[in-house]
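Since the structure comes first, as structure tokens, the remarks are kept for the end.
Small disclaimer: the values here were computed from a predicted structure and weren't measured. A, B, ... follow the sequence lines: proteins, then strands. Residue 1 opens every chain.
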Amino acid sequence: MLLLNEPQQQAVEHTHGALLVLAGAGSGKTRVITSRIARLLHTTPAESIVALTFTNKAAREMRERVVEEVGRKRAKGLIISTFHSLGVRILRQHIERLGYKKNFSIYASADQLRLVRDLLPQRNTSAGKSLDAEMVLQRISSAKNRLIGPDAFTAPAYDEYAQITTHVYPRYQQGLKACNAIDFDDILSLCIELFLNHPKVLQQYRTQFEYIMVDEYQDTNHVQYRLLRELCGPQGNICVVGDDDQSIYGWRGAQAGNILDFEHDFAGARVIKLEQNYRSSANILAAANTLIGHNSTRHDKHLWTNGDEGAPVRYLCCDDGEDEATTIIDEIHTLRSRHNYTYRDFAILYRTNGQSRIFEEQLRFANIPYVLIGGQQFFDRREVRDTLAYLKVLTNPADEVNLLRILNYPRRGIGETTAQRLITLSLEREIPLWDLMQAPDIHTHIGEKAAERVHTFIQLMLRYKRLFNYSDHLLATAQNLFAEIGLEEELYRQADDPKQARRRVENMHEVVNALASYIEREGIATLSGFLEKVSLLDRDEPGRNTKEEKLQQDAVVLMSLHSSKGLEFPCVFLVGMEEGTLPHAKVLEEGGDVTEERRLCYVGITRAREHLILTGATQRKRYGRMHPQQPSRFLTELPQEITNTPEEEPDPEEQEQRATSFFAQMQAMLQQQREQ
DNA sequence: CCGGTATACCTTTTT
DNA sequence: GGTATACCGG
């Protein structure tokens, strides 16, 4: 085991009071955190140590590292979780004090949108376009992140959508409450509300959480900052770790100011800088330092290494997107045979998830295994949402957004008209939909035929509700339910393309698999427990245990720059180095923050250990049309030798590689033909 | 009430 | 190039 360097050691030993660790990329901050936890465990019970991260993946990895260091037994009881998981954990215990029931649902984007759409006035914007629910939702979300409630919300005159939000926000919040649901932002803001209104509850947590650690502190937003303040109290032992140069979530309300202000926010705070880099070659670090030097407001840091110069960083300018992909595949073949890399040593990083498509196609064509991280959220896919909607309603019948969603899915002859009549009646009588549907006299309002169908539907739901409550066979019950309502058949019927249908059915099965592995992992498995996990977007969970996934282990990794933070790879391809892509056009148009785009690029560069290759194209297909592209401004901000490199003379060895890669392509092609 | 086609609009980044 | 909504005919 390697020794800690001097500043690392200091950070580990400073256990009392406030501590800020400014940890440059690759400076071993995870080791500091885990060593620190290990050290605390000598004197403190595990339950009083809390470590907060932003992603489930980071939390899981941190726990694994701690377990490696101190053993499973001593790590037991440690609270290592995301902010949101901790929030839900707190709310599960105390939410009744805030007027919600314990079986509350968590609404993520799709559910939220549905709710907002129903509340939106039927008029158009001044520009004549129909109202965009997402714009309203954005404003609600950002208000909640600043702890501004529906009553306190005010709109500047120039912001038309904020004006609308003034009316929608209060009703949105009422709507959530009526559905016994909270949205993502509520998870944290309701915790604050709880703490402010119930000091005793807060006191209980303050006493329990003796040591608090926060990873990626530069990404905290206002609510998270407040939550930390509340939890750690005036004298708290709080240790935050972060790097302002890697702050890339400003658009989500993260305040890099939190890390810049830490010293006077928390009295007597100690600051320790970690600048020695253990990850990247000197060439890669030079690129990183030069680029980030173009940002002005930041804690001054300079990464250095004892290591070698390493391979030169390269920039490859390609003709178009397809050429970019095949160029990278050639590079993978070359690097792999020269350096004995495995596929998982390679990562392809891009600005937007949409860029993954072309790489997927070409990798598949070249028969190279790959894994796609992130992308279209698994749980946002329609068939998955439909499947989950059933489970949500069965745990929380007040959840009318999802009740209406499944009322006529699969088609059972309860159309829009009937649904509207039910809604109206429910408002008139002030009875929840779920109860109304069981009323004996609804046929007089919606007609005999419709009433009959509603009756059949609600009887089915009631029956399964009982089964889920009283049967031990969670999994079998769910499977029976989906079989009985004929979800699979519906998916086949709906899809116009059999391939697409198969994918959707697979996704539906994946939900069942996720449920199965949840049951396997958890001692006491409940439907609501499962839904909670799902809502917290633990996107690595589904299928994590499937065989396919295991077989694919040795695979090239594809992901967005945002999700690459915290990871490292021997070989990194940073693709789409073009104006409009990185930096993204949206940021440039809206006069947004180019420095954040620069940090994003910096994050990408610093993921690389040995080989870093930047690529871009001179033209690219956009919305199906070719469009000329300009090289990214960030290329001019790198050391000159990277962009000046003339094409190398292809040496004989390389030519041989080309031949090999051609051979591989032929093989792939033949393989494909055989499959058809 | 349903399923088909026309069409508009679009793409950041994620807990 | 793809997807979500709008509208129309059965």
Side-chain angles (χ1 to χ4, degrees), chain A residues 52-59 81-88 106 108-110 113-114 117 129-130 132-134 138 141 144-145 183-188 216 219-221 223-224 247-254 321 349-358 361 373-382 408-420 447 449-450 453 493-494 496-497 500 533-540 559-565 576 580-590 592-593 596-597 599-601 603-604 620-627:
Chain A
L52 295 172
T53 63
F54 278 84
T55 65
N56 295 294
K57 195 181 192 176
S81 80
T82 63
F83 274 93
H84 289 85
S85 304
L86 180 69
V88 171
I106 299 169
S109 51
L113 270 179
R114 188 105 162 200
R117 273 199 197 107
K129 298 204 167 181
S130 65
D132 182 354
E134 262 172 274
Q138 241 176 51
S141 170
K144 286 186 177 182
N145 280 324
D183 70 16
F184 235 83
D185 304 307
D186 284 337
I187 294 176
L188 300 181
E216 310 282 11
D219 290 330
T220 48
N221 62 26
V223 193
Q224 288 159 336
S247 151
I248 53 176
Y249 286 102
W251 53 274
R252 205 172 74 187
L349 308 181
Y350 36 77
R351 173 68 236 263
T352 64
N353 285 307
Q355 289 169 263
S356 73
R357 183 182 203 87
I358 197 154
E361 277 168 15
I373 312 278
Q376 199 203 356
Q377 298 293 302
F378 176 77
F379 291 111
D380 273 348
R381 290 179 200 167
R382 219 192 35 197
N408 197 30
Y409 184 89
R411 296 266 134 93
R412 51 173 69 88
I414 308 175
E416 203 47 45
T417 326
T418 308
Q420 274 313 322
K449 217 168 204 158
R453 290 166 180 156
R493 202 176 329 132
Q494 264 183 356
D496 19 42
D497 168 23
Q500 186 190 45
K533 274 241 179 302
V534 164
S535 303
L536 292 173
L537 292 181
D538 204 340
R539 1 183 240 145
D540 304 325
M559 65 181 143
S560 71
L561 285 165
H562 281 88
S563 30
S564 77
K565 197 170 57 158
T581 303
L582 184 65
H584 195 274
K586 213 73 172 186
V587 175
L588 299 175
E589 282 163 25
E590 292 168 7
D593 188 4
E596 182 156 311
E597 298 289 300
R599 288 192 291 270
L600 208 42
C601 186
V603 165
R620 193 176 285 279
K621 251 186 191 167
R622 259 186 149 160
Y623 308 128
R625 280 278 131 229
M626 267 311 182
H627 212 77

Atom [atom1] of [X] and atom [atom2] of [N]: how far apart are they, to the nearest Å?
{"X": "A/Asp219", "N": "B/dT15", "atom1": "CG", "atom2": "C1'", "result": "11 Å"}
{"X": "A/Lys57", "N": "B/dT14", "atom1": "NZ", "atom2": "C1'", "result": "13 Å"}
{"X": "A/Lys565", "N": "B/dT14", "atom1": "NZ", "atom2": "P", "result": "11 Å"}
{"X": "A/His627", "N": "C/dG1", "atom1": "NE2", "atom2": "C1'", "result": "16 Å"}
{"X": "A/Glu134", "N": "C/dA4", "atom1": "CD", "atom2": "C1'", "result": "12 Å"}
{"X": "A/Tyr350", "N": "B/dT14", "atom1": "OH", "atom2": "C1'", "result": "14 Å"}
{"X": "A/Glu589", "N": "B/dT11", "atom1": "CD", "atom2": "P", "result": "12 Å"}
{"X": "A/Tyr409", "N": "B/dC2", "atom1": "OH", "atom2": "P", "result": "14 Å"}

*Closest-nucleotide 5' rank along DNA chain B - winner of A/Arg453 and A/Thr82*: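 The 5'-side residue here is A/Arg453.
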
From the set [options], return the single nucleotide nearest to any side-chain atom of [X].
{"X": "A/Arg357", "options": "B/dT13, C/dG2, B/dT15", "answer": "C/dG2"}
{"X": "A/His584", "options": "B/dT13, B/dT11, B/dC2", "answer": "B/dT11"}
{"X": "A/Thr418", "options": "B/dT11, B/dC1, B/dC2", "answer": "B/dC1"}

*Between A/Glu596 and A/Val587, is any pair of side-chain heavy atoms under 4.5 Å apart?*
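The answer is no, as the side chains (C-beta and beyond) never meet within the 4.5 Å cut-off.
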
[X] side-chain N/O to [N] phosphate OP1/OP2 under 4.0 Å:
{"X": "A/Asn145", "N": "B/dT15", "value": "no"}
{"X": "A/Thr55", "N": "B/dT14", "value": "no"}
{"X": "A/Ser563", "N": "B/dT14", "value": "yes"}
{"X": "A/Asn56", "N": "B/dT15", "value": "no"}
{"X": "A/Ser560", "N": "B/dT14", "value": "yes"}

*Pick base, sugar-phosphate or nothing for A/Asn221, based on heavy-atom distances below 4.0 Å to the nucleic acid.*
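Counting heavy atoms under 4.0 Å across all strands, no contact is made by A/Asn221.
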
*Under 3.5 Å donor-acceptor, A/Glu134 side chain and A/Leu113 backbone*: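 No; zero donor-acceptor contacts below 3.5 Å.
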
*A/Asn408 (side chain) donor-acceptor with A/Ile414 (main chain) under 3.5 angstrom*: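 Side chain of A/Asn408 to backbone of A/Ile414: a pair is present.
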
_Would you say the base of B/dT14 stacks on A/Tyr249 (centre-to-centre below 5.5 Å, plane angle below 30°)?_
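A/Tyr249 ring does not meet the centre or angle cut-off for B/dT14; no stack.
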
_If you compare all heavy atoms of A/Tyr350 against all heavy atoms of A/Ser356, which two are closest, and at what distance to 0.1 Å?_
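That would be OH-CB, 3.3 Å.
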
_Using every non-hydrogen atom in the two residues, find where A/Ala59 and A/Ser81 come nearest and quote the distance to one decimal._
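For A/Ala59 versus A/Ser81, the nearest heavy atoms are CB-CA, 4.0 Å.
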
*asked:* Students often mix this up, so state it plainly: with edges at 30° and 60°, are the rings of A/Trp251 and A/His562 parallel, tilted or perpendicular?
replied: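 A/Trp251 vs A/His562 ring planes: perpendicular.
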
*Using atom C1' of each nucleotide, how far apart are B/dT13 and C/dA4 to the nearest Å?*
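These two C1' atoms come out 22 Å apart once rounded.
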
_Separation between the C1' atoms of B/dT11 and C/dA6, rounded to whole Å_ =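 Their C1' atoms lie roughly 23 Å apart.
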
